[in-house]
Structure formats: structure tokens, C-alpha cells
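Bear in mind the structure is a predicted one, so any value in this text is a computation, not a measurement. Scope of the values below: all heavy atoms of this structure, side chains included, with no hydrogens, waters or symmetry mates.
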Amino acid sequence: SNSLMGKSVERSEDQKQSSLRWRCVGLVAFPFVLLCLVMLKNAISPHVYQMNPEACSKATHLDFFEVTEERLNTMKKFIQLQTISWNQHSGSYPELLQLHSAIREAFPLIHSESSPLFLTVVANYSLLYEWKGADESLSPGMMCAHLDVVPIANEAAWDTDPFSGVHDDEFIYGRGTLDDKTRLFSQLEVVEHLLRTKGMDHQPKRTLYYAFGHDEEVAGVDGATAIKDHLQARGIMLEFVIDEGTPIYTKMTGVDGPVALVSTSEKGYMNVEFSVTLDAAGAGHSSRPPKEQAIPIVSQAAQRLNENPHPAKLVESVSDMLSHAASEMSFPFRVIFTNMWLTAPLLLRILGSTPETSAMVRTTTAITLINSGVKHNVLPAHASFVVNHRIIPGETCAEVLRHDLRVIDDPRIKATVLSCQEPVEASSCESLAFKSIERSVRQIWPDVPVIPSLMIAGTDTKRYQSIAKNMYRFNPVILSPRDIARFHGPNERIAISAFEKTLNFYFHLHDNLEHFDPTSFPHHPQQQKQQL
């Protein structure tokens, strides 16, 4: 009996230990299961940010813009004018004046004596139109384009004359079709149409400016800067600026179909020269090379910068982009993108894996110039290289430079900042301008989601940040990765159907800026809950 009692006690102890183990497993597993359920719920029912207005079509809209032969011929004239910006303070100035004349000829109502628009020629070649609004209590808005284009680097790579402006049944060809004369033409054509159909006494609700800089391709140091100074001197504070920018892109990770990327912020840039200068012992005849040489010193510094990129981070505009994109993604990506509070480190690894997406999450480092030596058998005493940084919002030029010097870690290297432009912080996704852009996109491309983004290149908007509350950058054209290469590259072209959609986009943008109530469709879930 004692043996049986002993076995019974052992079984009881085993049961207690087993029960305790299962309780421990339950305590550990419950938070994990709960976490998985929360993530699954977020992925199954993500917040949908898109609005669904009535689509624009030839059949339903009397104001539908068709591409006529007259419009094609005007675009051809614009493209044939070689308004090239060669360098800062160096452009094709006679051609810019000819473009001014072509604009006056193409849009006679805008330039007539009875026109309600007032034109100021700024810095000799940039154009600023002012259209007085009916409600002076509203802050004005501004739409932008630029008159200049980049040079032709390799004319032999073109299938047509780069400045012919010719078209076939499908495309218009030539430098400026994508960047930026289609947008220039479309904005002016819409204004001309409104004056023709609504009368010369028609006024928009708020004052609108149209700013067409003449040197955007070389950073807008003369054109956009002078326009900003002109407006600032008059005490003008803009509610919004809408300029060129990111397109409707056909390739976004996890999304099946094109997405309209509206850039709410813009990276800054900094060019830094790193150099070393040795004394006489480090130079001389190559037959007696010393241990310390200028070229190896700067080469090592450049290699260190290349191997130690700036840290990745999710800035506001990129977080907005991922939040808006989540509902449009396939399920595995949706799990990651709807739970950024947990998956941010994984997201940064994913986004940092390719050059295209890495540029969205970090300050980039590009070694663009290296200079040293005068002869094959002479050791140079001086060597240098130039780094071009594109700076992510939230960082400063000074912080970037400190990172560089810490990575190089060589007191022999001297750093000289050649130029610097701080990044532009994110504008609101809840503003009238953003939602008007979104609504206009959905009217022209009903199945295309609109997603805020980060502009990794540069635009004239950076010149206006001191006088603008919100700034947005968008190119209303569907582009594939292959099409993106046509910007500043050979065989630049725009589809005639895309030209037509651009015209209609700007017409609807004008209409939505006039009549759309942005509070009727809040983007962020917490704002929806507050209104409900």
C-alpha cells in the first residue's frame, strides 16, 4: 500500500508540473496569439484612403478636352524652341524670349488688354501670372511649370530630331514633352478655355498665380528665386504650391497596377569636396613613391563613405505613402504595411535593399567627381573628390557633414561644402490642394490609387518654402521604369492619350480647387472618427 501511495503522489506531482508548464506556455503564447490576431485584423480590414468621384469621359463632360491638331501644333512650336539651361546663369535666352512670344500667340485671351490676368516678367525670362480671386480673405494658391529643358547629351541615341516636336498616331516626340512643356501648355490652355467659356470677367474663388521659371533645370537660382522674392516683397503667403514631381508609376512593390505618387516633401542636397594636400615629400617623380600619397588617401576616404551609408529611417512622407498604399497591396505585403508599429525594422530592410527604394529611406551618397594628377610619371601633391548627397527630411546639411567626417576619420582630409539646400518637410495630406489633386486623379484615372510620396530629385518648390503653407509635386502621366529613363535621356516622348489626360486633369484640378470641400473626405482614420 505504501508503494501505491508513493506512485499516486508522484502522479499528482507530475500532473501539477504538467499543469504548470501548460499555464506557462499559455502565458507566453497568449500575447503572441493576440499579437497575430491584431496584425491579421489590420491586414484584413486596412483603412482605405481613396475617394470615388464620378469619372470624367467624353460622353458625360461637355468640357472634355480633346487633343486637336491646333493643340498638337502649339505643342510642336513649344518643343522646337531649344530653351536649354546649360549651367547656372547660362541659358538659351533668345529661345526663351521666342517661347514668350509663342505663348502670347497661342493664348490670346490671357494676354489681351481686357484679360483679368496680370503678367509680370521676372528676372527677364521667368513668367508670373496673377489671376485675382473673388474672395480676398482666402490665401492665394500657385501652380508652376518651367520653361527650360536640359541639353541633349547623345543625339545619336535619339530616333528622331530631339527638337522636332513631330508626332505620329501614338506619341509626340522631343525634349520637353515630359519635362515640362506639356504641363506648361495644359495649365495655360485651361485658363484660356475658362476665359473663353465663362467670360473675361470670370474670377476664381481665390487668387491664383502661375509661375513659370526659366532655369529649373539648374536649380532655379535665377527664376524661381526671383519669383519668390517678388511675392515675398509684396507680403504674399501662399496656401499651396503645385509643381512638377512624381508620376503615376506602374511599378510599386506589392501593388498590382499603377499608383499616383504625389510628393508631399522633397529631399535636400549637398555637394561636398573632400581633398588632401601633401607637402613636397608627398609629390615628385613617380620612380620614388613615398608611403603617403594623395590619390590613395582620398581613395580610401571615398571607399569608406561608399561602404558606410547614412542610416535608414521612416520619415513622415514615406510613412504616409506606406499607410495609403497598404489597402492596395497583396496580402503578405499588407500584413507588413498595416502594422508598421511592429514591422518598421523589417520594412527598412526591405526598402533599403534596392537603389530605388533605398533613396526613400536614407540620405544617399554619390561620388560624382574625382580630380588629381597632371602627368603619368608625376606624383600629385593634391587630390580631391566630390560627393553629392540627397538629404532626407529630418536631417540637416550639418548633420550629414558630421556623419561623413566621422566615417572618413582622417584628419588629413579637408571638407569644403560647395552647395547646400536643406530638405523640405512634409505637407499635409488633409489640405484642399492635396485632396483636389487626389480627386482630379480619380476623375481621370478612376482605378488608380493616390499615394503621398517623397520627391528624391529636385524641383522649384524648394525656393518657395518660406512663402507657402503646403507644397505638392506631381506629374499627371502614367510612366513605366523604361519611361522614367526618358527624363533627361534620349527619346523623350509623351503619348497623345497622356497629353489629353493631362489637359483634363488640370481642368478638373481647377474645378476642384474652386468647389471641392476637403473636410468631406478626411484621410486619416482618427479624423474620420472625430467627424462621425
>> Going by side-chain contact (heavy atoms from CB on, under 4.5 Å), name the residues that satisfy it together with P355, two or more places apart in sequence or in a different chain.
In response: none
>> Looking only at side-chain N and O atoms, does Y129 offer a donor or acceptor that is under 3.5 Å from a partner on H111?
In response: yes
> With sequence neighbours excluded, what pairs up with A485 under the side-chain contact (heavy atoms from CB on, under 4.5 Å) test?
Replying inline: none
> With a 3.5 Å cut-off and no angle check, do the side chains of D320 and S323 form a donor-acceptor pair?
Replying inline: no
> Are side-chain N/O atoms of S115 and S112 paired as donor and acceptor at under 3.5 Å?
Replying inline: no
> S436 and N512: side-chain donor and acceptor closer than 3.5 Å?
Replying inline: no
> Distance only, no hydrogens: is a donor on one side chain within 3.5 Å (strictly under) of an acceptor on the other, for E266 and T459?
Replying inline: yes
> What residues form a disulfide bond (SG atoms under 2.5 Å apart) with C56, not counting sequence neighbours?
Replying inline: none
>> According to salt bridge (charged side-chain N to carboxylate O under 4.0 Å, His left out), who are the partners of R442, at least two apart in sequence or on a separate chain?
In response: none
> Which pairs count as salt bridge (charged side-chain N to carboxylate O under 4.0 Å, His left out) when at least one residue sits in residues 388-401, sequence neighbours excluded?
Replying inline: K313-E395
> Which residues pass the side chain to side chain donor-acceptor pair (under 3.5 Å) test with H403, sequence neighbours left out?
Replying inline: none
> Between R486 and E492, is there a salt bridge with N-O shorter than 4.0 Å?
Replying inline: no
>> If the condition is side-chain contact (heavy atoms from CB on, under 4.5 Å), which residues does L97 pass it with, not counting sequence neighbours?
In response: H100, Y125
>> Checking E216 now: which residues fulfil salt bridge (charged side-chain N to carboxylate O under 4.0 Å, His left out) with it, not counting sequence neighbours?
In response: none
>> The criterion is ring pair (Phe, Tyr, Trp, His ring centres under 6.0 Å); which residues satisfy it with F163, sequence neighbours excluded?
In response: none
>> Once salt bridge (charged side-chain N to carboxylate O under 4.0 Å, His left out) is applied, do any residues pair with R463, and if so which ones, sequence neighbours excluded?
In response: none
>> Going by side-chain contact (heavy atoms from CB on, under 4.5 Å), name the residues that satisfy it together with A211, two or more places apart in sequence or in a different chain.
In response: L128, M142, C144, I227, Y464
>> Ignoring hydrogens and geometry beyond distance, is a side-chain donor-acceptor pair present between D63 and H193 at under 3.5 Å?
In response: yes
>> Tell me every residue that passes salt bridge (charged side-chain N to carboxylate O under 4.0 Å, His left out) with D180, counting only those two or more places apart in sequence or in another chain.
In response: R183
>> For the NE2 atom of H230 and the CD1 atom of I236, what is their distance to the nearest 0.5 Å?
In response: 8.0 Å
> For D222 and H214, does a side-chain donor sit closer than 3.5 Å to a side-chain acceptor?
Replying inline: no
